**Student:** 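Supplied in structure tokens, the structure appears directly below.
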2 protein chains.
Amino acid sequence: MKEGPDIAQLGALIGDPARANMLTALMAGGALTASKLAAEAGVTVQTASSHLKKLESADLLIQRKQGRHRYFALADDDVGALLETMMGLAARRGLTRTRTGPKDPALRKARVCYNHLAGELGVALYDGLLASAMLDEVDGEPVLTEAGRERMMQFGIDLAALETQRRPLCRSCLDWSARRTHLAGSLGQTLLSRFESLGWARREAASRVVHFTERGETELLATFCRQDQNSHGNRSQRIMRDT
Amino acid sequence: MKEGPDIAQLGALIGDPARANMLTALMAGGALTASKLAAEAGVTVQTASSHLKKLESADLLIQRKQGRHRYFALADDDVGALLETMMGLAARRGLTRTRTGPKDPALRKARVCYNHLAGELGVALYDGLLASAMLDEVDGEPVLTEAGRERMMQFGIDLAALETQRRPLCRSCLDWSARRTHLAGSLGQTLLSRFESLGWARREAASRVVHFTERGETELLATFCRQDQNSHGNRSQRIMRDT
DNA sequence: TTCATACTTCGATGCTAGTCGAAGCATAAG
DNA sequence: CTTATGCTTCGACTAGCATCGAAGTATGAA
């Protein structure tokens, strides 16, 4: 009847549970081997191979051979963006998976959302920035205040470099575990890598889990989430240990 | 293994050809009856009913009863946004449907993309605005120039009102028929409804086709696509009748 | 009431596509 | 060479789901 881009093909590709698991595992931005992806998806390697072939020939994944391993990664930022969009909508629609796994608590606490920090610590950071008046929300969009700019530069963020980029500095991103927002955008991304280079946090190898050290977590909260900074800061509830 | 929002459920819902057709038909923003959607999807009403039930219970569609008719529409702007994202990616990946239908030429010429004008006339408008220096592109994002602002106000667009909104005035949107961009954003939307109220164009009842009158098309090109306006205007190729 | 239209539900059918076992390549190590 | 590992291909099986005919419900018209 119609002509044009086929949403159905795309949807069907993402619509299979095994493939969806693989894509979700790759959302952290890294590259994983075929066998790792098979384990993540909960299928045998033969099945995974078949899926990966389909995803690759649709240009959703790219493949890099290295020795006898084959590493797969998302082909493009567009793919990641689509997956994020779907995640967001699925979360808001209450389309959640039932079977829950062992990594779940760690994932809920801190994880990578595309390339920035999400989970409890992610929303705590966002709330803290708001409460201490480093961040402000105008028309629902987060904006860095003058105080925030200073603190970020003290913290070693090259704001000037970030602001020359096309992508927005601050964006809000809806969290699916907590029903709150956390900080995305180039600043969100840069902050996460800064946390890592400071040794506050490290990413778990083949998952989206982010492990914060005891000290890292304390420092994070002290640096960005002190309520008694400039404002009275009751704009956000404390939600640190609510699970 | 994991927990969280289930991309797979969403994907599977959109992944069926019949459902994808229905969703695509609803992207124009209107509400259609169940039987009309069945026809659009090329299935019987029983089958359509089953699909619509699923889409509704996933909160992708909403239903409004009116007499013995049931009108369905996209539940939310988020759904439309997701579909647009998927359309864009599918187009860039070359995932296009093969079977082409009778409405195809009309669709290619002018159609509704979510709520603004797409198709050949859409990209002609965009190119014309660029060529006559009413629109400029900074960092890939379209921006209205001073000359453009004046012309829009002459044309009866209430720019001041649009600019108080959250959503951006100008956005670019990738066309899937022509591989070009056309104008989205609140200005894009307002322009299309202005075309309609001027009698230049009207939307076909239950499709995304936009019919321009002979005069409407001429006026559109004269008003926004005169090359010999202020600039030398070779920044865009003419592509009007290239199919 | 009777008939017509719009839509849903039920039941049966048929096909697609995901799944895994077994075997086949390819690369690396001993 | 032989052995081990990582991955792909082939083939067969099976489950799930889209599909439609037939019957059932709801609204409107005559």
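As the structure is a prediction and not an experimental result, all values here were calculated from the model. Each chain gets a letter, A, B and so on, in the order the sequences are listed, and its residues count up from 1.
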**Student:** Using whole Å, what does the distance between atom P of nucleotide D:dG6 and atom CD of A:Q66 come to?
**Tutor:** 14 Å
**Student:** In whole Å, I'd like the distance from the NE2 atom of A:H69 to the C1' atom of C:dA29.
**Tutor:** 12 Å
**Student:** Strictly below 4.0 Å: does A:Q63 bring a side-chain N or O up to OP1 or OP2 of D:dG6?
**Tutor:** no
**Student:** Please tabulate, one pair per line, each protein N/O and nucleotide N/O from nucleotides 18-22 of chain C that are separated by under 3.5 Å, including the distance.
**Tutor:**
unit_1	atom_1	unit_2	atom_2	d
C:dG18	OP1	A:R19	NH1	3.4
C:dG18	OP1	A:R19	NH2	2.8
C:dG18	OP2	A:K54	NZ	2.5
C:dT19	OP2	A:H51	NE2	2.7
C:dC20	OP2	A:T44	N	3.2
C:dC20	OP2	A:T44	OG1	3.2
C:dC20	OP2	A:T47	OG1	2.9
C:dG21	N7	A:Q46	NE2	2.7

**Student:** Can B:T44 and B:T47 be counted as having a side-chain donor-acceptor contact under 3.5 angstrom?
**Tutor:** yes
**Student:** I need the CZ-P distance between A:R64 and C:dT27, as an integer number of Å.
**Tutor:** 16 Å
**Student:** Let me know the distance between CE of B:M22 and C1' of D:dT19, rounded to the nearest Å.
**Tutor:** 12 Å
**Student:** Take the protein atom OH of B:Y71 and the nucleotide atom P of C:dA6, then report the distance between them rounded to whole Å.
**Tutor:** 10 Å
**Student:** When the distance from CG of A:L55 to P of D:dT8 is rounded to whole Å, what number comes out?
**Tutor:** 12 Å
**Student:** Run the salt-bridge test on A:D6 and B:R93 with the 4.0 Å N-O cut-off and return the result as yes or no.
**Tutor:** no
**Student:** Charged N to carboxylate O below 4.0 Å: is that the case for B:E40 and B:K36?
**Tutor:** no
**Student:** Going by atom types alone, do A:H211 and A:R202 pair a side-chain donor with an acceptor below 3.5 Å?
**Tutor:** no
**Student:** Within the supplied structure, the quantity of interest is the number of heavy atoms (other residues, nucleotides, ligands) at a distance under 6.0 Å from A:R171 CZ; does it exceed 12?
**Tutor:** no
**Student:** Between A:R68 and B:S49, who's closer to the 5' end of DNA chain C by nearest nucleotide?
**Tutor:** B:S49
**Student:** Starting at the 5' end of DNA chain C and moving along, which residue's nearest nucleotide shows up first, A:R70 or B:S35?
**Tutor:** B:S35
**Student:** Output the rounded distance in Å from CG (B:L13) to C1' (D:dA18).
**Tutor:** 14 Å
**Student:** Below 4.0 angstrom, N of the basic side chain to O of the carboxylate: do B:E196 and B:R203 qualify?
**Tutor:** yes
**Student:** Quick one: is C:dA26 close enough that its OP1 or OP2 comes under 4.0 Å of any side-chain N or O from A:K65?
**Tutor:** no
**Student:** Given atom CG of B:L32 and atom P of C:dC7, what is their separation to the nearest angstrom?
**Tutor:** 11 Å
